[in-house]
K.L.:
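The structure that follows is given in the form of C-alpha coordinates.
Both backbone and side-chain heavy atoms feed into the values below; hydrogens, waters and symmetry mates do not. Order of the sequence lines sets the chain letters (A, B, ...), proteins ahead of strands, with each chain counted from 1.
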Number of protein chains: 2
Amino acid sequence: MIETDQVQEGWRERKRRETLDRIADTALTLFVKNGYDATTLDAIAEASGISRRTFFYYFKSKEEILATWQRELPETFRAAILAEPSGQHPFDVLQNAHLKLIANLDPQKSIAIYRIIRSSEYLLAMNQSKYLKLEQTAFEALRELWPDKSRMNAMRIVAMVSVGILRLSLENWAEGQEGKSLETYLKEEFEEMRKETLKL
Amino acid sequence: MIETDQVQEGWRERKRRETLDRIADTALTLFVKNGYDATTLDAIAEASGISRRTFFYYFKSKEEILATWQRELPETFRAAILAEPSGQHPFDVLQNAHLKLIANLDPQKSIAIYRIIRSSEYLLAMNQSKYLKLEQTAFEALRELWPDKSRMNAMRIVAMVSVGILRLSLENWAEGQEGKSLETYLKEEFEEMRKETLKL
DNA sequence: TAAAATATTACACTCAGTGCAATATTGCAA
DNA sequence: TTGCAATATTGCACTGAGTGTAATATTTTA
(Lines give C-alpha, C1' and ligand atoms only; values in the text may rest on other atoms or scores of the structure.)
Protein backbone atom coordinates (compact mmCIF):
# COMPACT_ATOMS: atom_id res chain seq x y z
CA MET A 1 0.00 0.00 0.00
CA ILE A 2 3.02 2.22 0.04
CA GLU A 3 2.33 3.26 -3.51
CA THR A 4 -1.28 4.16 -2.77
CA ASP A 5 -0.07 6.07 0.26
CA GLN A 6 2.28 8.18 -1.77
CA VAL A 7 -0.23 8.77 -4.53
CA GLN A 8 -2.88 9.92 -2.14
CA GLU A 9 -0.51 12.00 -0.05
CA GLY A 10 0.68 13.64 -3.21
CA TRP A 11 -2.85 14.22 -4.35
CA ARG A 12 -3.72 16.09 -1.22
CA GLU A 13 -0.67 18.24 -1.53
CA ARG A 14 -1.44 18.80 -5.18
CA LYS A 15 -4.97 19.85 -4.30
CA ARG A 16 -3.64 22.27 -1.77
CA ARG A 17 -1.11 23.73 -4.14
CA GLU A 18 -3.78 24.09 -6.80
CA THR A 19 -6.13 25.94 -4.51
CA LEU A 20 -3.30 28.14 -3.34
CA ASP A 21 -2.31 28.98 -6.88
CA ARG A 22 -5.89 29.57 -7.88
CA ILE A 23 -6.39 32.06 -5.08
CA ALA A 24 -3.13 33.81 -5.88
CA ASP A 25 -3.86 34.08 -9.59
CA THR A 26 -7.41 35.23 -8.99
CA ALA A 27 -6.20 37.84 -6.56
CA LEU A 28 -3.51 39.06 -8.93
CA THR A 29 -6.10 39.54 -11.66
CA LEU A 30 -8.29 41.52 -9.32
CA PHE A 31 -5.35 43.61 -8.12
CA VAL A 32 -4.47 44.47 -11.69
CA LYS A 33 -8.04 45.32 -12.55
CA ASN A 34 -9.13 47.25 -9.46
CA GLY A 35 -5.99 48.03 -7.51
CA TYR A 36 -4.61 46.40 -4.40
CA ASP A 37 -6.40 48.39 -1.73
CA ALA A 38 -9.71 48.38 -3.54
CA THR A 39 -9.65 44.58 -3.71
CA THR A 40 -11.15 43.20 -0.53
CA LEU A 41 -10.54 39.74 0.84
CA ASP A 42 -14.25 39.09 0.43
CA ALA A 43 -13.91 39.77 -3.28
CA ILE A 44 -10.87 37.53 -3.56
CA ALA A 45 -12.56 34.75 -1.64
CA GLU A 46 -15.71 34.93 -3.68
CA ALA A 47 -13.86 35.03 -7.00
CA SER A 48 -11.80 32.06 -5.87
CA GLY A 49 -14.82 30.05 -4.84
CA ILE A 50 -13.88 29.80 -1.18
CA SER A 51 -15.08 31.40 2.00
CA ARG A 52 -13.37 34.39 3.52
CA ARG A 53 -12.28 32.29 6.46
CA THR A 54 -10.73 29.66 4.23
CA PHE A 55 -8.58 32.32 2.63
CA PHE A 56 -6.75 32.59 5.94
CA TYR A 57 -6.21 28.87 5.92
CA TYR A 58 -4.04 29.37 2.84
CA PHE A 59 -2.51 32.79 3.41
CA LYS A 60 -1.75 34.45 6.67
CA SER A 61 -2.38 37.91 5.24
CA LYS A 62 -3.41 39.77 2.13
CA GLU A 63 0.16 40.85 1.54
CA GLU A 64 1.33 37.26 1.57
CA ILE A 65 -0.47 36.59 -1.68
CA LEU A 66 2.20 38.53 -3.51
CA ALA A 67 4.91 36.74 -1.59
CA THR A 68 3.77 33.45 -3.09
CA TRP A 69 6.01 33.93 -6.07
CA GLN A 70 8.99 34.90 -3.96
CA ARG A 71 8.73 32.41 -1.17
CA GLU A 72 11.54 30.19 -2.29
CA LEU A 73 13.81 32.93 -3.54
CA PRO A 74 16.29 33.03 -0.65
CA GLU A 75 16.81 29.26 -0.65
CA THR A 76 17.11 29.12 -4.44
CA PHE A 77 19.54 32.01 -4.33
CA ARG A 78 21.66 30.34 -1.69
CA ALA A 79 21.76 27.10 -3.64
CA ALA A 80 22.70 28.93 -6.83
CA ILE A 81 25.59 30.66 -5.10
CA LEU A 82 26.96 27.49 -3.56
CA ALA A 83 26.62 25.65 -6.87
CA GLU A 84 28.90 28.04 -8.72
CA PRO A 85 32.23 26.58 -9.85
CA SER A 86 35.07 27.66 -7.65
CA GLY A 87 37.91 29.88 -8.74
CA GLN A 88 35.69 32.78 -9.69
CA HIS A 89 35.71 36.26 -8.30
CA PRO A 90 32.91 36.63 -5.71
CA PHE A 91 31.26 39.29 -7.86
CA ASP A 92 31.01 36.79 -10.70
CA VAL A 93 29.59 34.18 -8.38
CA LEU A 94 26.79 36.52 -7.39
CA GLN A 95 26.21 37.79 -10.90
CA ASN A 96 25.75 34.25 -12.14
CA ALA A 97 23.51 33.37 -9.23
CA HIS A 98 21.39 36.42 -9.99
CA LEU A 99 21.13 35.38 -13.62
CA LYS A 100 19.90 31.95 -12.56
CA LEU A 101 17.30 33.53 -10.31
CA ILE A 102 15.86 35.87 -12.87
CA ALA A 103 15.87 33.23 -15.60
CA ASN A 104 12.86 31.67 -13.88
CA LEU A 105 10.81 34.85 -13.84
CA ASP A 106 7.70 35.23 -15.94
CA PRO A 107 8.17 38.74 -17.40
CA GLN A 108 4.45 39.57 -17.73
CA LYS A 109 3.63 38.46 -14.25
CA SER A 110 6.72 40.01 -12.72
CA ILE A 111 5.96 43.40 -14.15
CA ALA A 112 2.33 43.19 -13.08
CA ILE A 113 3.42 42.34 -9.57
CA TYR A 114 5.99 45.11 -9.59
CA ARG A 115 3.34 47.66 -10.54
CA ILE A 116 1.05 46.54 -7.75
CA ILE A 117 3.85 46.68 -5.23
CA ARG A 118 4.77 50.18 -6.37
CA SER A 119 1.21 51.32 -5.77
CA SER A 120 1.34 50.80 -2.03
CA GLU A 121 3.83 52.25 0.41
CA TYR A 122 3.28 49.26 2.62
CA LEU A 123 3.90 46.68 -0.11
CA LEU A 124 6.96 48.59 -1.25
CA ALA A 125 8.43 48.49 2.22
CA MET A 126 7.74 44.80 2.61
CA ASN A 127 9.32 44.18 -0.76
CA GLN A 128 12.40 46.22 -0.02
CA SER A 129 12.97 44.28 3.14
CA LYS A 130 13.19 41.19 0.97
CA TYR A 131 16.27 42.60 -0.71
CA LEU A 132 17.92 42.88 2.65
CA LYS A 133 17.06 39.25 3.26
CA LEU A 134 18.69 38.36 -0.04
CA GLU A 135 21.72 40.40 0.90
CA GLN A 136 22.00 38.48 4.13
CA THR A 137 21.60 35.19 2.25
CA ALA A 138 24.29 36.21 -0.22
CA PHE A 139 26.65 37.22 2.55
CA GLU A 140 26.21 33.96 4.41
CA ALA A 141 26.67 31.86 1.29
CA LEU A 142 29.78 33.79 0.27
CA ARG A 143 31.19 33.23 3.72
CA GLU A 144 30.83 29.52 3.20
CA LEU A 145 32.81 29.80 0.01
CA TRP A 146 35.41 32.15 1.51
CA PRO A 147 35.47 31.28 5.20
CA ASP A 148 38.70 33.16 5.80
CA LYS A 149 37.88 35.71 8.45
CA SER A 150 40.01 38.38 6.83
CA ARG A 151 37.72 38.30 3.82
CA MET A 152 34.53 38.84 5.81
CA ASN A 153 34.15 42.54 5.19
CA ALA A 154 34.96 42.13 1.54
CA MET A 155 32.10 39.64 1.29
CA ARG A 156 29.82 42.08 3.05
CA ILE A 157 30.56 44.68 0.43
CA VAL A 158 30.17 42.28 -2.46
CA ALA A 159 26.79 41.18 -1.10
CA MET A 160 25.63 44.76 -0.54
CA VAL A 161 26.65 45.98 -3.95
CA SER A 162 25.48 42.92 -5.89
CA VAL A 163 22.03 42.84 -4.36
CA GLY A 164 21.90 46.59 -4.84
CA ILE A 165 22.60 46.01 -8.52
CA LEU A 166 19.87 43.39 -8.67
CA ARG A 167 17.43 45.85 -7.18
CA LEU A 168 18.37 48.62 -9.57
CA SER A 169 18.22 46.28 -12.55
CA LEU A 170 14.75 45.07 -11.63
CA GLU A 171 13.55 48.63 -11.13
CA ASN A 172 14.99 49.90 -14.39
CA TRP A 173 13.68 46.91 -16.28
CA ALA A 174 10.15 47.05 -14.88
CA GLU A 175 10.04 50.80 -15.31
CA GLY A 176 11.76 51.00 -18.67
CA GLN A 177 9.99 51.37 -21.98
CA GLU A 178 12.82 49.84 -23.98
CA GLY A 179 12.61 46.23 -24.95
CA LYS A 180 15.83 45.30 -23.21
CA SER A 181 15.68 42.06 -21.28
CA LEU A 182 16.24 41.86 -17.56
CA GLU A 183 19.38 39.84 -18.23
CA THR A 184 20.77 42.66 -20.29
CA TYR A 185 20.05 45.20 -17.59
CA LEU A 186 21.72 43.06 -14.98
CA LYS A 187 24.81 42.36 -17.05
CA GLU A 188 25.23 45.99 -18.03
CA GLU A 189 24.87 47.21 -14.48
CA PHE A 190 27.35 44.64 -13.23
CA GLU A 191 29.85 45.58 -15.90
CA GLU A 192 29.52 49.26 -15.05
CA MET A 193 29.89 48.62 -11.37
CA ARG A 194 32.82 46.27 -11.78
CA LYS A 195 34.75 49.07 -13.45
CA GLU A 196 34.37 51.12 -10.31
CA THR A 197 35.20 48.90 -7.42
CA LEU A 198 38.89 48.97 -8.13
CA LYS A 199 39.32 52.71 -8.34
CA LEU A 200 37.38 54.01 -5.42
CA MET B 1 0.66 93.98 16.06
CA ILE B 2 3.18 92.07 14.04
CA GLU B 3 4.87 90.94 17.20
CA THR B 4 1.67 89.68 18.74
CA ASP B 5 0.84 87.93 15.50
CA GLN B 6 4.09 86.04 15.51
CA VAL B 7 3.85 85.19 19.16
CA GLN B 8 0.37 83.82 18.81
CA GLU B 9 1.14 81.99 15.58
CA GLY B 10 4.13 80.47 17.29
CA TRP B 11 2.07 79.61 20.29
CA ARG B 12 -0.37 77.59 18.23
CA GLU B 13 2.44 75.72 16.60
CA ARG B 14 4.10 75.17 19.93
CA LYS B 15 0.85 73.80 21.33
CA ARG B 16 0.60 71.43 18.40
CA ARG B 17 4.16 70.27 18.75
CA GLU B 18 3.68 69.70 22.46
CA THR B 19 0.59 67.60 21.96
CA LEU B 20 2.32 65.62 19.26
CA ASP B 21 5.32 64.98 21.47
CA ARG B 22 3.12 64.08 24.41
CA ILE B 23 1.25 61.49 22.37
CA ALA B 24 4.48 60.05 20.96
CA ASP B 25 6.15 59.82 24.36
CA THR B 26 3.08 58.32 25.98
CA ALA B 27 2.81 55.77 23.21
CA LEU B 28 6.47 54.86 23.45
CA THR B 29 6.09 54.23 27.16
CA LEU B 30 3.11 51.98 26.53
CA PHE B 31 4.93 50.14 23.73
CA VAL B 32 7.85 49.47 26.03
CA LYS B 33 5.60 48.30 28.84
CA ASN B 34 3.05 46.20 26.94
CA GLY B 35 4.44 45.68 23.48
CA TYR B 36 3.53 47.36 20.22
CA ASP B 37 0.69 45.13 19.09
CA ALA B 38 -0.88 44.89 22.50
CA THR B 39 -1.05 48.67 22.76
CA THR B 40 -4.27 49.84 21.16
CA LEU B 41 -4.91 53.30 19.84
CA ASP B 42 -7.67 53.60 22.40
CA ALA B 43 -5.12 53.06 25.14
CA ILE B 44 -2.73 55.58 23.63
CA ALA B 45 -5.48 58.15 23.20
CA GLU B 46 -6.74 57.72 26.73
CA ALA B 47 -3.27 57.87 28.26
CA SER B 48 -2.57 60.99 26.23
CA GLY B 49 -5.77 62.69 27.30
CA ILE B 50 -7.23 62.94 23.83
CA SER B 51 -9.95 61.14 21.94
CA ARG B 52 -9.27 58.28 19.60
CA ARG B 53 -10.35 60.41 16.68
CA THR B 54 -8.01 63.23 17.61
CA PHE B 55 -5.10 60.84 17.50
CA PHE B 56 -5.60 60.65 13.75
CA TYR B 57 -5.49 64.42 13.60
CA TYR B 58 -1.88 64.19 14.71
CA PHE B 59 -0.70 60.90 13.21
CA LYS B 60 -1.88 59.23 10.09
CA SER B 61 -1.22 55.76 11.47
CA LYS B 62 -0.01 53.90 14.51
CA GLU B 63 3.28 53.16 12.81
CA GLU B 64 3.87 56.86 12.22
CA ILE B 65 4.32 57.44 15.93
CA LEU B 66 7.70 55.79 15.73
CA ALA B 67 8.55 57.77 12.62
CA THR B 68 8.26 60.98 14.64
CA TRP B 69 11.86 60.77 15.64
CA GLN B 70 13.04 60.03 12.13
CA ARG B 71 10.91 62.42 10.14
CA GLU B 72 13.63 64.93 9.42
CA LEU B 73 16.43 62.43 8.96
CA PRO B 74 16.69 62.50 5.15
CA GLU B 75 16.75 66.28 4.96
CA THR B 76 19.23 66.54 7.82
CA PHE B 77 21.37 63.90 6.19
CA ARG B 78 21.34 65.67 2.86
CA ALA B 79 22.27 68.97 4.47
CA ALA B 80 25.09 67.33 6.40
CA ILE B 81 26.54 65.83 3.25
CA LEU B 82 26.41 69.06 1.29
CA ALA B 83 27.92 70.96 4.20
CA GLU B 84 31.08 68.84 4.25
CA PRO B 85 34.27 70.65 3.22
CA SER B 86 35.31 69.79 -0.28
CA GLY B 87 38.41 67.86 -1.20
CA GLN B 88 37.49 64.80 0.83
CA HIS B 89 37.01 61.29 -0.41
CA PRO B 90 33.26 60.58 -0.82
CA PHE B 91 33.49 57.85 1.80
CA ASP B 92 34.75 60.40 4.31
CA VAL B 93 31.99 62.80 3.37
CA LEU B 94 29.39 60.18 4.17
CA GLN B 95 31.13 58.95 7.28
CA ASN B 96 31.18 62.49 8.66
CA ALA B 97 27.58 63.06 7.69
CA HIS B 98 26.63 59.85 9.48
CA LEU B 99 28.50 60.97 12.57
CA LYS B 100 26.58 64.23 12.58
CA LEU B 101 23.31 62.35 12.27
CA ILE B 102 23.90 59.95 15.11
CA ALA B 103 25.30 62.65 17.37
CA ASN B 104 21.74 63.89 17.85
CA LEU B 105 20.36 60.52 18.94
CA ASP B 106 19.20 59.91 22.48
CA PRO B 107 20.76 56.51 23.23
CA GLN B 108 18.08 55.36 25.69
CA LYS B 109 15.23 56.29 23.44
CA SER B 110 16.92 54.98 20.31
CA ILE B 111 17.49 51.56 21.81
CA ALA B 112 13.94 51.42 23.12
CA ILE B 113 12.63 52.27 19.68
CA TYR B 114 14.93 49.74 18.08
CA ARG B 115 13.62 46.99 20.35
CA ILE B 116 10.03 47.81 19.52
CA ILE B 117 10.78 47.84 15.82
CA ARG B 118 12.50 44.48 16.08
CA SER B 119 9.41 43.01 17.68
CA SER B 120 7.24 43.45 14.61
CA GLU B 121 7.90 42.17 11.12
CA TYR B 122 5.87 45.04 9.78
CA LEU B 123 7.74 47.73 11.67
CA LEU B 124 11.03 46.14 10.70
CA ALA B 125 10.15 46.27 7.03
CA MET B 126 9.02 49.88 7.26
CA ASN B 127 12.23 50.73 9.03
CA GLN B 128 14.43 48.97 6.54
CA SER B 129 12.81 50.87 3.73
CA LYS B 130 14.00 54.03 5.44
CA TYR B 131 17.58 52.95 4.91
CA LEU B 132 16.91 52.74 1.21
CA LYS B 133 15.54 56.25 1.35
CA LEU B 134 18.72 57.36 3.07
CA GLU B 135 20.76 55.60 0.42
CA GLN B 136 18.88 57.44 -2.28
CA THR B 137 19.39 60.73 -0.42
CA ALA B 138 23.09 60.04 -0.08
CA PHE B 139 23.41 59.17 -3.75
CA GLU B 140 21.66 62.33 -4.88
CA ALA B 141 23.68 64.56 -2.58
CA LEU B 142 26.95 62.95 -3.67
CA ARG B 143 25.98 63.53 -7.26
CA GLU B 144 25.65 67.20 -6.51
CA LEU B 145 29.15 67.21 -5.13
CA TRP B 146 30.55 65.08 -7.96
CA PRO B 147 28.32 65.82 -10.93
CA ASP B 148 30.70 64.23 -13.39
CA LYS B 149 28.71 61.53 -15.11
CA SER B 150 31.63 59.13 -15.19
CA ARG B 151 31.57 59.09 -11.39
CA MET B 152 27.92 58.19 -11.11
CA ASN B 153 28.32 54.50 -10.50
CA ALA B 154 31.09 55.09 -8.05
CA MET B 155 28.74 57.33 -6.09
CA ARG B 156 26.09 54.62 -6.18
CA ILE B 157 28.48 52.17 -4.62
CA VAL B 158 29.66 54.61 -1.99
CA ALA B 159 26.07 55.35 -1.04
CA MET B 160 25.14 51.65 -0.90
CA VAL B 161 28.11 50.65 1.20
CA SER B 162 28.04 53.64 3.53
CA VAL B 163 24.38 53.35 4.38
CA GLY B 164 24.92 49.63 4.72
CA ILE B 165 27.61 50.37 7.26
CA LEU B 166 25.28 52.74 9.10
CA ARG B 167 22.67 50.01 9.28
CA LEU B 168 25.11 47.40 10.55
CA SER B 169 26.54 49.81 13.09
CA LEU B 170 23.14 50.66 14.47
CA GLU B 171 22.20 47.01 14.68
CA ASN B 172 25.40 45.96 16.38
CA TRP B 173 25.21 48.87 18.78
CA ALA B 174 21.57 48.36 19.75
CA GLU B 175 22.09 44.63 20.07
CA GLY B 176 25.48 44.70 21.72
CA GLN B 177 26.11 44.26 25.42
CA GLU B 178 29.41 46.10 25.36
CA GLY B 179 29.50 49.71 26.39
CA LYS B 180 30.94 50.87 23.09
CA SER B 181 29.35 54.02 21.74
CA LEU B 182 27.56 54.17 18.44
CA GLU B 183 30.25 56.51 17.15
CA THR B 184 32.87 53.90 17.90
CA TYR B 185 30.92 51.20 16.08
CA LEU B 186 30.50 53.42 13.06
CA LYS B 187 34.13 54.48 12.91
CA GLU B 188 35.37 50.93 13.32
CA GLU B 189 33.07 49.58 10.63
CA PHE B 190 34.09 52.34 8.26
CA GLU B 191 37.73 51.70 8.88
CA GLU B 192 37.34 47.99 8.26
CA MET B 193 35.36 48.55 5.10
CA ARG B 194 37.74 51.19 3.79
CA LYS B 195 40.53 48.65 3.90
CA GLU B 196 38.54 46.46 1.53
CA THR B 197 37.29 48.67 -1.21
CA LEU B 198 40.66 48.98 -2.83
CA LYS B 199 41.51 45.33 -3.01
CA LEU B 200 38.35 43.71 -4.24
C1' DT C 1 -16.66 0.78 7.41
C1' DA C 2 -15.17 3.40 11.59
C1' DA C 3 -12.19 6.80 13.41
C1' DA C 4 -8.52 9.91 12.72
C1' DA C 5 -6.70 13.72 10.15
C1' DT C 6 -7.44 17.49 7.34
C1' DA C 7 -10.30 21.08 5.02
C1' DT C 8 -14.06 24.30 4.98
C1' DT C 9 -17.21 27.25 6.91
C1' DA C 10 -20.11 30.44 9.99
C1' DC C 11 -20.18 33.54 13.62
C1' DA C 12 -18.75 36.77 16.58
C1' DC C 13 -15.12 39.47 17.86
C1' DT C 14 -10.97 43.10 18.04
C1' DC C 15 -8.54 46.69 16.11
C1' DA C 16 -6.82 50.16 12.63
C1' DG C 17 -8.29 53.53 9.85
C1' DT C 18 -11.83 56.85 7.29
C1' DG C 19 -15.82 60.02 6.30
C1' DC C 20 -18.74 63.15 8.03
C1' DA C 21 -20.83 66.41 10.62
C1' DA C 22 -21.27 68.72 15.02
C1' DT C 23 -19.12 71.33 18.58
C1' DA C 24 -15.50 73.75 20.95
C1' DT C 25 -11.62 76.74 21.03
C1' DT C 26 -8.69 80.18 19.44
C1' DG C 27 -7.09 84.11 16.36
C1' DC C 28 -8.07 88.25 14.20
C1' DA C 29 -10.48 92.37 12.50
C1' DA C 30 -13.58 95.96 13.01
C1' DT D 1 -15.47 93.86 23.12
C1' DT D 2 -17.84 91.39 19.76
C1' DG D 3 -18.45 88.72 15.88
C1' DC D 4 -16.34 85.97 12.12
C1' DA D 5 -13.09 82.76 10.42
C1' DA D 6 -9.77 79.25 11.11
C1' DT D 7 -8.30 75.53 13.63
C1' DA D 8 -8.88 71.80 17.06
C1' DT D 9 -11.55 68.22 19.18
C1' DT D 10 -14.95 64.91 19.37
C1' DG D 11 -18.71 61.27 18.51
C1' DC D 12 -20.73 58.12 15.56
C1' DA D 13 -21.12 54.98 12.19
C1' DC D 14 -18.75 52.59 8.92
C1' DT D 15 -15.22 49.43 6.20
C1' DG D 16 -11.82 46.01 5.99
C1' DA D 17 -8.08 42.98 7.83
C1' DG D 18 -7.21 39.54 10.84
C1' DT D 19 -8.23 36.02 14.93
C1' DG D 20 -10.52 32.50 18.09
C1' DT D 21 -13.58 29.00 18.36
C1' DA D 22 -16.34 25.48 17.44
C1' DA D 23 -19.18 23.05 14.22
C1' DT D 24 -19.46 20.49 9.91
C1' DA D 25 -17.71 18.31 5.78
C1' DT D 26 -14.34 15.67 3.34
C1' DT D 27 -10.54 12.66 2.82
C1' DT D 28 -7.26 9.22 4.53
C1' DT D 29 -6.10 5.26 6.70
C1' DA D 30 -6.47 1.32 9.53
Side-chain angles (χ1 to χ4, degrees), chain A residues 1-24 26-27 30-31 34-67 116 119-123 125-126, chain B residues 1-24 26-27 30-31 34-67 116 119-123 125-126:
Chain A
M1 282 283 180
I2 292 174
E3 221 176 37
T4 313
D5 264 338
Q6 287 183 335
V7 166
Q8 292 181 336
E9 278 281 315
W11 190 70
R12 215 173 222 186
E13 272 185 26
R14 209 188 90 235
K15 222 38 201 312
R16 184 176 174 78
R17 167 58 51 101
E18 278 173 3
T19 306
L20 199 113
D21 289 348
R22 194 178 72 250
I23 299 173
T26 305
L30 291 175
F31 291 160
N34 306 324
Y36 179 78
D37 288 328
T39 305
T40 66
L41 291 184
D42 283 301
I44 294 169
E46 197 190 341
S48 308
I50 56 168
S51 76
R52 201 184 109 80
R53 200 63 188 78
T54 299
F55 170 86
F56 287 105
Y57 187 73
Y58 285 91
F59 297 92
K60 75 173 202 288
S61 71
K62 187 177 176 184
E63 186 268 331
E64 226 211 9
I65 300 171
L66 296 169
I116 294 159
S119 75
S120 150
E121 203 189 336
Y122 168 64
L123 291 178
M126 293 305 278
Chain B
M1 282 284 178
I2 293 174
E3 220 178 37
T4 314
D5 264 338
Q6 287 183 335
V7 167
Q8 290 179 338
E9 278 281 316
W11 192 69
R12 219 173 217 183
E13 272 186 27
R14 207 188 91 235
K15 215 57 198 301
R16 185 176 173 78
R17 165 59 49 102
E18 278 172 5
T19 306
L20 200 115
D21 288 348
R22 192 179 71 249
I23 299 172
T26 306
L30 290 175
F31 291 160
N34 306 324
Y36 180 79
D37 288 328
T39 305
T40 67
L41 292 184
D42 282 303
I44 294 169
E46 196 190 341
S48 308
I50 56 168
S51 78
R52 203 186 107 82
R53 199 64 189 74
T54 299
F55 170 86
F56 287 105
Y57 187 73
Y58 285 92
F59 297 92
K60 74 173 204 290
S61 70
K62 187 177 175 183
E63 186 266 331
E64 226 212 7
I65 301 170
L66 296 169
I116 294 160
S119 75
S120 151
E121 203 188 338
Y122 168 64
L123 291 179
M126 293 305 278

K.L.:
Partners of B:Phe56 by ring pair (Phe, Tyr, Trp, His ring centres under 6.0 Å), sequence neighbours excluded?
P.N.:
none
K.L.:
CD of A:Glu13 versus C1' of C:dA7: gap in Å, rounded?
P.N.:
15 Å
K.L.:
Donor-acceptor pair, A:Ser48 side chain versus A:Ile50 backbone, under 3.5 Å?
P.N.:
no
K.L.:
Rounded to the nearest 0.5 Å, what separation is found between the CG atom of A:Leu123 and the NZ atom of A:Lys62?
P.N.:
8.5 Å
K.L.:
Treating A:Thr54 as the side-chain partner and A:Tyr57 as the backbone partner, does any N or O pair qualify as donor plus acceptor under 3.5 Å?
P.N.:
no
K.L.:
Could you state the atom-to-atom distance from CZ of A:Arg12 to C1' of D:dT27 in whole Å?
P.N.:
5 Å
K.L.:
Can you tell me the distance, in whole Å, between the CG atom of B:Leu30 and the P atom of C:dC15?
P.N.:
14 Å
K.L.:
Just the rounded figure in Å: distance from P of C:dT18 to CG of A:Asp37.
P.N.:
10 Å
K.L.:
Take atom NZ of B:Lys15 and atom C1' of C:dT25, then tell me their distance rounded to the nearest Å.
P.N.:
9 Å
K.L.:
Kindly state which residues belonging to residues 57-66 of chain A come within less than 4.0 angstrom of DNA chain C, counting heavy atoms of the residue only, listed by number.
P.N.:
A:Tyr57, A:Tyr58
K.L.:
Among residues 48-55 of chain B, which residues get a heavy atom nearer than 4.0 Å to DNA chain C?
P.N.:
B:Arg52, B:Arg53
K.L.:
Please name all residues satisfying salt bridge (charged side-chain N to carboxylate O under 4.0 Å, His left out) with A:Glu18, sequence neighbours left out, ordered by chain then number.
P.N.:
A:Arg14
K.L.:
Excluding sequence neighbours, so at least two apart, what forms ring pair (Phe, Tyr, Trp, His ring centres under 6.0 Å) with B:Tyr36?
P.N.:
B:Phe31
K.L.:
Just how far, in rounded Å, is P of D:dT9 from CG of B:Leu20?
P.N.:
11 Å
K.L.:
For B:Leu41 and C:dG17, give me the distance from atom CG to atom P, rounded to whole Å.
P.N.:
6 Å
K.L.:
Answer whether the closest heavy-atom distance between the side chains of A:Ile23 and A:Thr19 falls below 4.5 Å.
P.N.:
yes
K.L.:
By ring pair (Phe, Tyr, Trp, His ring centres under 6.0 Å), which residues pair with B:Tyr58, not counting sequence neighbours?
P.N.:
none
